[in-house]
Amino acid sequence: MDRMERKKEEFQSDESYNAKEIEEKWARVWEKTGVYSLKSDRSKPKYYVLEMFPYPSGEPHMGHARNYTIGDVVARVLARKGYNVLHPIGYDAFGLPAENAAIKSGIHPKDSTMANINKMRKALKRMGMSYEFADEIITCEPDYYKWTQWFFLLFYKMGLAEKKRAKVNWCNSCQTVLANEQVISGRCERCDSEVTKKVLAQWFFKITEYAQRLLDDMKLLEGGWPERVLTIQRNWIGRSEGAIVNFRLLDDSKDIVIPIFTTRPDTLYGVTFFIIAPEHPLVDEIVKDSDYRKEVERVKEIILKQSDIERSSTEVEKIGCFTGRYVINPLNGEKVPVWIANYVLLEYGTGAIMAVPAHDERDFEFAQKYNIPVREVISPDGKEHEKLAKAYVDEGIMINSGIFNGINSVEGRKKIVSYLEENNLGKFTINYKLKDWLISRQRYWGAPIPIIYCDNCGTVPVPEKDLPVLLPYNVDFRPTGMSPLSYSEEFVNTICPECGQKAKRETDTMDTFVCSSWYFLRYCSPHYEKAPFERSEVDYWMPVDQYIGGIEHATMHLIYARFFTKVLYDAGLVNFKEPFIKYFPHGVVNLGGQKMSKSKGNIVNPSQIYNKYGADTLRLYILFIGPADSIVDWSDSGVEGAYRFLGRLWRLVVANIKFLQKNSIEEKCKSTSVVLDCKNQFMNGELGKLEKELYRKLHQTIKKVTQDVLDRFSFNTAISAIMELVNLMYKYNDTVSDDKKNVLLIKESTEKLLVLLSPIVPFITEELWSRMGKQDSIHRVSWPTYDEEVAKEELVTIIFQVNGKLRDKKDLPVDMPPEEMEKEALNSEKVRKFIGSREIVKKIVVPNKLVNIVIK
RNA sequence: GCCCGAGUGGCGGAACAGGUAGACGCAACGGACUUAAAAUCCGUUGAGGUUUUGACCUCGUGCCAGUUCGAUUCUGGCCUCGGGCACCA
C-alpha cells in the first residue's frame with residue numbers, strides 16, 4: 001500500500017475516533033431505547049444510588065460533573081451486577097440565586113429556573129448520565145412543595161415547629177434570616193457577607209430535641225460514613241456533660257436564684273467570682289438603686305456595641321465590671337461577687353457562670369486583669385502551689401475543697417453532683433451547642449409556610465385539603481427585609497379556616513433545606529398524588545444505599561435530612577431511622593490551586609471539555625485525576641492524556657475487530673475437535689507464555705476493577721488497571737504475528753475490556769461494541785466475572801534480603817514451602833556475597849513474599 | 001486553644017493485613033515513521049556514586065526518636081498544610 005492510500009484510509013471517518021459524532025448518535029439511540037434507566041425488576045435485590053441533587057444554576061459545573069460521574073459509574077456497575085437500581089435526578093429549584101438574578105435581569109425566578117433546568121438536563125444527558133429522567137422532581141413545582149408544606153404541618157402537629165422570638169442571624173446582603181448552620185465563621189454561607197444579630201419572631205424546627213438521637217444513631221452509620229463527617233457532626237451538636245448549679249443572690253427582700261451551667265462541678269470550691277451575661281434580664285434588677293448602676297450600664301453599653309463576631313473571638317480583650325452584689329456558693333456558703341463580662345454569652349448554658357480562675361483559662365485572664373483572688377482546688381500532685389502562672393485545666397487531686405479533699409477530680413465531679421442533687425442545689429445536665437433550626441426566610445422564591453393568623457383564633461395551620469398554599473407569580477420581590485409576599489394583597493388576605501373571619505397568611509417562605517430534607521423519599525414514588533410518598537415504594541427502596549455529595553453539607557443538609565427522617569420515623573411514616581446507609585463525600589475540583597469561581601475567572605466548564613474532546617474524555621479524566629474523595633487540581637494536559645487513551649483504545653479495538661473479521665472463530669474451530677474456550681485452553685496449558693500472561697491479566701483486571709469501584713470508590717486505580725491491560729494487549733498484537741494470534745483470546749479480551757470500561761466511558765464502548773457486530777446495547781451486558789484460578793499468578797517474585805536490605809530476587813512458584821524458599825535464597829550468589837563468612841543469626845521466611853537472612 | 005485528616009519523583013498519584021517504594025498517567029528527553037510537522041509507535045526518566053557498559057553500591061516516602069529481622073505503613077514527640085469547633089463555661 002503506498003503512502004497516499006494509507007493516508008486516505010486513516011482519514012476515513014469510520015477509522016478514527018470521532019467523539020462528537022458517536023456521542024450524539026448514541027444519545028439519540030438511548031433516548032429512544034430507554035437505556036438511561038437502570039431499573040429492572042423486583043425479583044432482584046434493590047440498590048438506591050443517590051447523588052445530592054443540583055441547584056439549577058445554568059449549566060453544570062465541574063463539581064457536578066465529578067459528583068455525577070462517580071454516582072453514574074457506581075450505579076451502572078451495580079445494575080450490571082444484577083441489582084435493581086434506583087438512580088434518580090431532580091432539581092433543588094427554590095433558592096436565592098434565581099431571585100437575586102431576577103432582581104438584576106427582570107426575568108422571573110420561575111422562568112429562569114425552568115430554563116436552567118432544561119439546560120441542566122440536556123447537559124446531564126450529554127454527559128451520559130444514567131438517570132430516571134422520566135421521574136425527575138422539581139422542588140419549586142406545586143406538586144412537590146405541597147408536600148413540603150404538608151411536612152411543615154406534620155411538624156407543627158407534633159409540636160416540633162414553633163414560632164418564637166429569638167436573637168437570630170441576619171444577612172444584610174440577602175435581606176433574610178439564616179439558620180445557625182448557614183453561618184460559616186460569622187459569614188453568610190451563600191454570599192459570604194458578615195452576619196449580624198436581630199431579635200425577631202421566627203419559625204423554628206426543634207432539632208435540639210433530637211440532638212441526642214442524632215448522636216446515638218451515628219453508630220448505625222459507622223463504617224458507611226467517613227469518620228471525619230461524623231466527627232464534624234459531633235462537634236456541631238457539641239454535647240457536653242456537666243451540672244446546673246443554683247447560686248442564690250444575697251438579698252434581704254427577695255429570693256432570687258441564678259442557675260449556672262458548668263462542666264467542672266469538681267471546681268466549685270475554687271469559685272472566687274460570678275459572671276452573668278451583660279444582656280441577662282436580671283442585670284437591671286440586680287443593679288437597680290445601686291451605686292454601681294451607672295458603671296454597669298456604661299460597661300454594658302460598650303460590650304453590646306461589640307459585634308457578635310468580635311465578642312466571640314478569643315482575641316478581644318476581656319472586659320467587665322463588678323455589680324456590687326453577691327451570690328452564695330451553695331457548697332461552702334461563701335459570699336461571691338457578681339460581675340458582668342463580655343465573654344459570657346446569654347445564648348449558651350444559662351447565661352451565667354461560676355468563675356474558677358485557677359482552673360479556667362478565661363476566668364484566669366479576667367481575674368488577673370481585675371485583681372480577683374485565685375484559689376487552687378485541683379492539684380496535679382495533691383500539694384498546694386504558691387502562685388499559679390496559668391490556669392490548671394487538667395484533672396488532679398482535690399484540695400481546699402472541704403470534705404472532698406484528696407479525691408481525684410473525676411471522681412469528685414460525680415460526688416459533688418450527687419451532693420448537689422441530694423440537697424436540691426443543682427442537678428446533672430447535658431448541654432448541646434446545637435440550636436433549633438430557623439426555617440423562616442424573608443424572601444419570595446421558596447415554599448410558603450402554611451400558617452394563617454386570625455385575630456380570633458390566633459395561629460391556625462392551613463388545613464391539609466387546602467394545600468398547596470400557592471406561591472403567587474406576580475409579586476414585587478425586591479428585598480426590603482420584609483417578606484415580598486407581605487406586599488401581595490391576593491396572597492396575604494384570606495379567610496380563617498376555623499372561624500371564617502378575615503385573616504392573614506404567614507408571608508415568610510421556608511428555608512430551601514426543608515425541601516431537600518425529604519426529596520430522596522419523593523423519588524421512590526415521584527408522581528404519587530395522595531401523599532408525599534407511597535409507603536410501599538418507600539419501604540422497598542429506602543434507605544438510600546449509597547449517597548454521594550459534597551462534604552460542605554455535613555452540618556447542613558446532611559444533619560437536617562437525618563433529623564427529618566427521625567421525625568418521620570416517630571410519626572410512623574417510615575420504618576428506618578437513618579436515610580443514608582453509606583455516604584461518600586467527593587472532593588472539590590480546583591484550578592491553579594484555587595476554588596473555581598466566576599469572580600476569579602478561573603473556571604473550566606464541563607461543556608468546554610465535552611465539546612472539545614467528548615463526554616467520555618471528561619468522565620475518564622475526572623475519575624482518573626485522583627482519589628475521588630480528595631481535592632484535585634484541574635490539568636489540561638491530564639485531559640489530553642485521557643483523550644489519548646481513548647484514541648489508543650479505539651485503534652486497538654478497531655484493529656482487533658478487523659482481525660476477527662478476517663479470522664472468524666468458526667474457521668478456527670473446524671481445525672480442532674475440542675470446544676474452543678479460552679479458559680479451557682488456559683487450563684489445558686495450550687496458551688503460549690504471552691497469551692497466558694494476557695489471559696491472566698484480563699481476569700486480574702476484572703477482579704481489580706470490580707473491587708476498586710464497588711469496595712473502595714477507587715476509580716483512578718481501576719482505570720490504571722485497565723490501562724495496563726490495554727498496554728499488554730498492544731504488546732501482544734505487536735509481538736505476535738497475525739497468523740499466530742489466538743482468535744478466541746483476542747475476542748474475549750476485547751469484549752471484556754469494553755464491558756469493563758462501559759460504565760466509565762459509555763459512548764465509545766457502545767460504538768465499538770456495535771462495531772463488533774453486537775445487536776444489544778453494551779449497557780445491558782452483565783458484569784464480567786473472574787476466575788480466581790486464572791487470576792492467580794503461578795510465579796511470584798520472592799525478595800531475598802540480608803539484614804532487611806534487598807539483595808536479590810527470583811521468580812518462584814506460588815506457595816513454595818518455606819524450606820525451599822530459604823534454600824533458594826541461600827543459593828543466590830548475591831545473597832552469599834553479602835553473608836560472606838558472617839554468622840547467620842536468624843532466617844525469616846514469609847510465604848510468597850520474601851526471605852530475610854539476618855547475620856551478625 | 002481543642003478535635004480530626006494529610007505530607008511519597010519535575011507534576012497528579014500507586015503501594016488496599018508491617019515485606020520489591022514510585023504502578024498508571026502527565027511533563028521532559030531519545031529513537032522509529034515523515035521532505036517536514038502533527039498524530040502514532042517504541043524506549044529512558046527519584047538523587048548520588050562506582051563502572052571492565054554487563055551491571056553494581058549508597059541514600060531516599062515532612063523532621064527526630066522508638067518498636068521490629070524488616071516501617072511510606074505501627075508508637076511517641078515536633079514541623080507544615082487542609083478541615084471542623086471555638087471566650088461554649
Side-chain angles (χ1 to χ4, degrees), chain A residues 3 7 10 16 184-185 226-238 240 242 260-264 267 275 311-318 341-345 347-356 360-363 365-366 393 431-433 551-552 554-555 620-621 624-627 629-642 644-645 647-648 651 704 707-708 711-712 714 716-724 726-727 730-731 734 796-809 830 833 841-846 848-855:
Chain A
R3 217 185 66 228
K7 256 205 164 130
E10 273 169 25
S16 60
I184 314 287
S185 37
E227 194 50 46
R228 66 193 164 114
V229 182
L230 298 179
T231 304
I232 291 171
Q233 291 204 349
R234 262 186 220 110
N235 284 344
W236 184 256
I237 295 166
S240 57
I260 58 98
F261 174 74
T262 178
T263 54
R264 293 296 300 271
T267 63
I275 309 174
R311 224 177 119 182
S312 60
S313 150
T314 46
E315 318 285 284
V316 165
E317 201 192 350
K318 292 177 177 39
N342 58 343
Y343 74 96
V344 173
L345 308 172
E347 296 89 24
Y348 187 78
T350 62
I353 66 159
M354 63 180 213
V356 185
D360 181 285
E361 282 164 6
R362 296 154 298 174
D363 297 344
E365 194 189 324
F366 194 82
V393 296
N431 221 315
Y432 301 91
K433 275 183 260 184
I551 196 171
E552 69 274 13
T555 58
L620 181 69
Y621 176 60
F624 189 62
I625 191 167
D629 57 357
S630 70
I631 298 166
V632 291
D633 214 67
W634 186 263
S635 143
D636 286 331
S637 50
V639 181
E640 293 275 355
R644 232 173 357 237
F645 171 75
R648 202 165 145 77
R651 288 185 298 275
K704 180 153 176 65
Q707 289 176 348
D708 279 0
D711 304 341
R712 302 206 304 147
S714 181
N716 55 331
T717 53
I719 291 166
S720 73
I722 294 173
M723 286 171 167
E724 285 182 47
V726 167
N727 290 347
Y730 261 95
K731 187 177 167 191
D734 291 349
V796 272
T797 308
I798 302 297
I799 303 309
F800 298 157
Q801 296 182 333
V802 177
N803 280 356
K805 282 191 178 168
L806 180 123
R807 294 308 178 191
D808 200 3
K809 49 187 160 185
K830 285 179 195 164
K833 192 182 104 193
V841 186
K842 206 173 175 182
K843 298 167 201 157
I844 287 132
V845 182
V846 184
N848 296 324
K849 295 271 188 211
L850 58 71
V851 180
N852 186 13
I853 310 290
V854 185
I855 56 172

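Residue numbers begin at 1 in each chain, while the letters A, B, ... track the order of the sequences.
The CG-C1' distance, from Asn235(A) to C3(B), rounds to 6 Å in whole Å. Distance CD1 (Ile799(A)) to C1' (U20(B)): 4 Å, rounded to an integer number of Å. Here C3(B) presents its P atom at 19 Å from CG of Leu230(A), a figure rounded to the nearest Å. G70(B) atom C1' lies 10 Å from atom CG of Asn803(A), rounded to whole Å. One atom, CD of Glu724(A), and another, P of A14(B), lie 14 Å apart when rounded to the nearest Å. Whole-Å rounding puts the Ile798(A) CD1 to U20(B) C1' distance at 11 Å. The separation between Ile353(A) atom CD1 and C87(B) atom P is 13 Å, rounded to whole Å. Look at CD1 on Ile237(A): it is 15 Å from C1' on C3(B), rounded to the nearest Å.
Looking at heavy-atom distances under 4.0 Å, Ile625(A) makes contact with sugar-phosphate atoms alone, never a base. Across all strands shown, Val316(A) has heavy atoms under 4.0 Å from base atoms, whether or not it also approaches the sugar-phosphate. Nucleic acid contact for Gly641(A): sugar-phosphate only, since backbone atoms but no base atoms lie under 4.0 Å from a heavy atom of the residue. Looking at heavy-atom distances under 4.0 Å, Ser635(A) makes no contact with the nucleic acid at all. Across all strands, Arg234(A) comes closer than 4.0 Å to no nucleic acid atom at all (heavy-atom distances). Gln801(A) comes within 4.0 angstrom of a base, heavy atoms only. At the heavy-atom level, Asn342(A) lies under 4.0 Å from base atoms of the strands shown. No engagement by Gln233(A) is indicated, since no non-hydrogen atom pair under 4.0 Å with the nucleic acid exists. Using a 4.0 Å heavy-atom cutoff across all strands shown, Lys849(A) reaches sugar-phosphate atoms only and no base atom. The residue Lys318(A) sits close to a base: some heavy atom pair falls under 4.0 Å. Note on Ser185(A): nothing from the nucleic acid sits closer than 4.0 angstrom, heavy atoms only.
U34(B) and G7(B) have their P atoms separated by 48 Å, given to the nearest Å. For the P atoms, the distance from G30(B) to U67(B) is 50 Å, rounded to whole Å. Only the P atoms considered, A21(B) is 46 Å distant from A86(B), to the nearest whole Å. Nucleotides G60(B) and U72(B) place their C1' atoms 11 Å apart, quoted to the nearest Å. Taking atom C1' on both nucleotides, G18(B) is separated from U68(B) by 9 Å, rounded to a whole Å.
Glu347(A) CD: more than 12 foreign heavy atoms inside a 6.0 Å radius.
The glycosidic torsion of A55(B) lies more than 90° away from 0, placing the base in the anti range. Its glycosidic angle being more than 90° from 0, G70(B) falls on the anti side.
With distances taken from any side-chain atom of Ile232(A) to the nucleotides G84(B), C87(B), G19(B), the minimum falls on G84(B). For Phe624(A), whose side chain is taken as the heavy atoms from C-beta onward, the closest listed nucleotide among A86(B), G12(B), C59(B) is G12(B). Side chain of Asp734(A), nearest nucleotide from G13(B), G19(B), C41(B): C41(B). The Val344(A) side chain lies nearest to A89(B) when the options are G70(B), A89(B), U20(B). Distance from the side chain of Trp236(A) is smallest for C85(B) among the nucleotides C87(B), C85(B), C26(B). Closest contact between the side chain of Lys433(A) and the listed nucleotides C88(B), C57(B), A15(B) involves C88(B). Side-chain proximity of Val846(A) to the nucleotides C16(B), A89(B), G19(B) is greatest for G19(B). With distances taken from any side-chain atom of Tyr348(A) to the nucleotides G84(B), U20(B), A89(B), the minimum falls on A89(B). In this structure, the nucleotide among G19(B), A89(B), A14(B) sitting nearest to the side chain of Leu850(A) is G19(B). Of the listed nucleotides (A89(B), U20(B), C59(B)), U20(B) has the atom at the smallest distance from the side chain of Leu806(A).
Using a 4.0 Å cut-off, some side-chain N or O of Arg644(A) falls inside it from OP1 or OP2 of C26(B). Checking the phosphate oxygens (OP1, OP2) of U68(B), no side-chain nitrogen or oxygen of Lys842(A) falls inside 4.0 Å. For Lys830(A), no side-chain nitrogen or oxygen approaches OP1 or OP2 of C57(B) to under 4.0 Å. A sub-4.0 Å separation between OP1 or OP2 of G25(B) and a side-chain N or O of Asn727(A) is present. Here Asn716(A) reaches the OP1 or OP2 of A14(B): one of its side-chain N or O atoms lies under 4.0 Å away. Residue Arg228(A) places no side-chain N or O under 4.0 Å from the OP1 or OP2 atom of A6(B). For Ser637(A) and C11(B), the shortest distance from a side-chain N or O to OP1 or OP2 is not below 4.0 Å. Phosphate proximity of G25(B) to Arg648(A): absent, as no side-chain N or O sits under 4.0 Å from OP1 or OP2.
Remark: A14(B) base-pairs with no nucleotide in the shown strands. Criterion, Watson-Crick or G-U wobble with two distances under 3.5 Å. Pair check for A6(B) finds U80(B); Watson-Crick or G-U wobble, both atom distances under 3.5 Å. Base pairing annotation: A28(B) forms a Watson-Crick or G-U wobble pair with U44(B), both donor-acceptor distances under 3.5 Å. Pair assignment for C87(B) gives none, since no Watson-Crick or G-U wobble pairing has each distance under 3.5 Å. Across the strands present, U75(B) finds its partner in A65(B); the criterion is a Watson-Crick or G-U wobble pair with both atom distances under 3.5 angstrom. In this structure, U50(B) and A55(B) make a Watson-Crick or G-U wobble pair, each of the two defining distances being under 3.5 angstrom.
Between Trp634(A) and Tyr621(A), the ring center distance clears the sub-6.0 Å criterion.
Toward the 5' end of RNA chain B, the nearer of the two residues Gly238(A) and Lys731(A), judged by each one's closest nucleotide, is Lys731(A). Each of Thr263(A) and Glu640(A) was matched to the nucleotide of RNA chain B holding its nearest heavy atom; the match closer to the 5' end belongs to Glu640(A).
Side-chain polar atoms of Asp708(A) and Thr717(A) form a donor-acceptor pair below 3.5 angstrom.
With values rounded to the nearest 0.5 angstrom, Ile184(A) atom CD1 is found 9.5 Å from Glu552(A) atom CD. The distance from the CZ atom of Arg807(A) to the NZ atom of Lys830(A) is 11.0 Å, given to the nearest 0.5 Å.
Relative to the ring axis of Tyr343(A), Lys318(A) places its NZ or CZ within 45° and under 6.0 Å from the centre.
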**OP:** Take Arg234(A) and Glu227(A), measure what salt bridge (Lys or Arg N to Asp or Glu O under 4.0 Å) needs, and give me the verdict at the end.
**Re:** CA-CA 10 Å; Arg234(A) 262 186 220 110; Glu227(A) 194 50 46; 3.2 Å; yes
